[in-house]
Amino acid sequence: MRIDVLTIFPDYLAPVREALLGKAIERGRISVGVHDLRDWTHDVHRSVDDSPYGGGPGMVMKPDVWGEALDSVAAEAAETPRLVVPTPAGVPFDQRTARRWAREERLIFACGRYEGIDQRVIDDAARRMPVEEVSIGDYVLVGGEVAALTMIEAVARLLPGVLGNPASAEQDSFSDGLLEGPSYTRPETWRGLSVPDVLRSGDHAAVRRWRREQGLERTLRRRPELLDTLPPEELDEHDRAL
Ligand SMILES: N#Cc1c(-c2ccc3ccn(Cc4ccc(CN5CCCCC5)cc4)c3c2)n[nH]c1N
């Protein structure tokens, strides 16, 4: 998978080359290009923003600079990219979207700043490629870079050969629609707190049942709305009795 990121703060994306993602890049599982939007400016001040039409707070990012940058980056490879635009006003990003994007050949992340990017950039791009305006959560950041890093990590970890233990991605929270239960490791007792007996019983069926019950209880307590989206067959009568 090829991932390109356009930003006025390229150094913000430095973590993408660390640790897990860094190894995935080294192994050729993903290739990542980070591009400075200001490379497509033509004025001495390298301007990327201007005042909003209709008034309002802050500044808006100029369409002409973004248009040239996207044309140039999209043309770098033959495959039509999917354009991802982080924005507070976007569709919520979730694990289902991460799994869908993990099947893409190319992703381009357009990281805005100020009060966002002129809408015509998105509308124009949508004439040539699939475009998704997405949000990583109901809070306001200062720009799209942190969101892009978050989504890149969520997608990359699903690619074959990226995670040391691929089973981990299959047992993710949300992979079966539920939150995962608690985890434990040695020592058996720590500061007077012991590991639940079932996890040391060697009874794998009992461990599976216990973990599902813990996940269900945690989901019920913390994210009850996730239970509404579960297919009916996902919850048996034992689960419903919890
Ligand atoms: N993903 C994601 C995000 C983002 C995100 C993503 C990308 C950009 C680009 C710029 N910003 C800053 C910003 C801050 C406020 C507003 C709202 N203003 C209200 C008054 C009228 C003008 C617009 C818009 C843009 C961004 C924030 N925040 N939270 C998420 N989950």
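One-based numbering, in listed order, for ligands and for the atoms of each. Computed from heavy atoms alone, side chains included, the values below leave out hydrogens, waters and symmetry copies. Numbering of residues begins at 1 and proceeds along the displayed sequence. Nothing here was measured: the structure is a model prediction, and the numbers come from that model.
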Per-atom contacts of ligand 1 with [X], taking only distances under 4.0 Å to non-hydrogen atoms:
X	value
Gly112	9 (C), 10 (C)
Thr87	1 (N), 2 (C), 3 (C), 6 (C), 7 (C)
Val142	10 (C), 11 (N), 12 (C)
Val140	14 (C), 15 (C), 28 (N), 29 (N)
Ile136	1 (N), 2 (C), 31 (N)
Tyr139	28 (N), 29 (N), 30 (C), 31 (N)

Test item, [X] contacting ligand 1 (heavy atom, 4.0 angstrom):
X	value
Gly90	no
Ser135	yes
Phe93	no
Val134	yes

In the structure I gave you, are the side-chain heavy atoms of [X] and [Y] within less than 4.5 Å of one another anywhere?
X	Y	answer
Glu133	Gln119	yes
Ser135	Val91	no
Leu107	Phe109	yes

The side-chain contact (heavy atoms from CB on, under 4.5 Å) partner of Arg120 among Asp118, Ile117, Ile122, Asp124 is Asp118

Partner of Ile108 under side-chain contact (heavy atoms from CB on, under 4.5 Å), picked from Val5, Leu70, Val84, is Leu70

Give yes or no for whether the N/O distance cutoff of 3.5 Å, strictly under, is met between [X] and ligand 1.
X	result
Gly137	yes
Arg113	no
Pro86	no

Check your understanding: Does the pair Trp190 and Tyr184 meet the rule for a ring pair (Phe, Tyr, Trp, His ring centres under 6.0 Å), with working shown?
Key -> CA-CA 11 Å; Trp190 175 74; Tyr184 300 85; over 10 Å; no

So for Ile117 against ligand 1, with non-hydrogen atoms under 4.0 Å, the contacting part is neither

So for Leu141 against ligand 1, with non-hydrogen atoms under 4.0 Å, the contacting part is both

Among Pro88, Ala147, Gly144, the residue with a heavy atom nearest to atom 24 (C) of ligand 1 is Pro88

Arg38 (side chain) donor-acceptor with Arg46 (main chain) under 3.5 angstrom: yes

Original post:
Is a side-chain donor or acceptor of Arg27 paired with a backbone partner of Gly161 at a separation under 3.5 angstrom?
Top reply: yes

In short, Cys111 meets Glu145 closest at the heavy-atom pair CB-OE2, 3.6 Å

Is it the case that over 12 heavy atoms from other parts of the model lie below 6.0 angstrom from the CG atom of Asp138?
no

For the CZ atom on Arg186, are there more than 12 heavy atoms of other groups (residues, nucleotides or ligands in this structure) within a distance under 6.0 Å? no

Quick one, Arg128 with Asp71, criterion salt bridge (Lys or Arg N to Asp or Glu O under 4.0 Å). Give me CA distance, side-chain angles, the key distance, then yes/no.
CA-CA 10 Å; Arg128 293 186 294 284; Asp71 289 351; 3.2 Å; yes

Measure the distance from [atom] to every protein heavy atom, then report the residue, atom name and distance (to 0.1 Å) of the closest one.
atom	answer
atom 13 (C) of ligand 1	Tyr114 O, 3.6 Å
atom 23 (C) of ligand 1	Glu115 OE1, 3.1 Å
atom 26 (C) of ligand 1	Gly143 CA, 3.7 Å

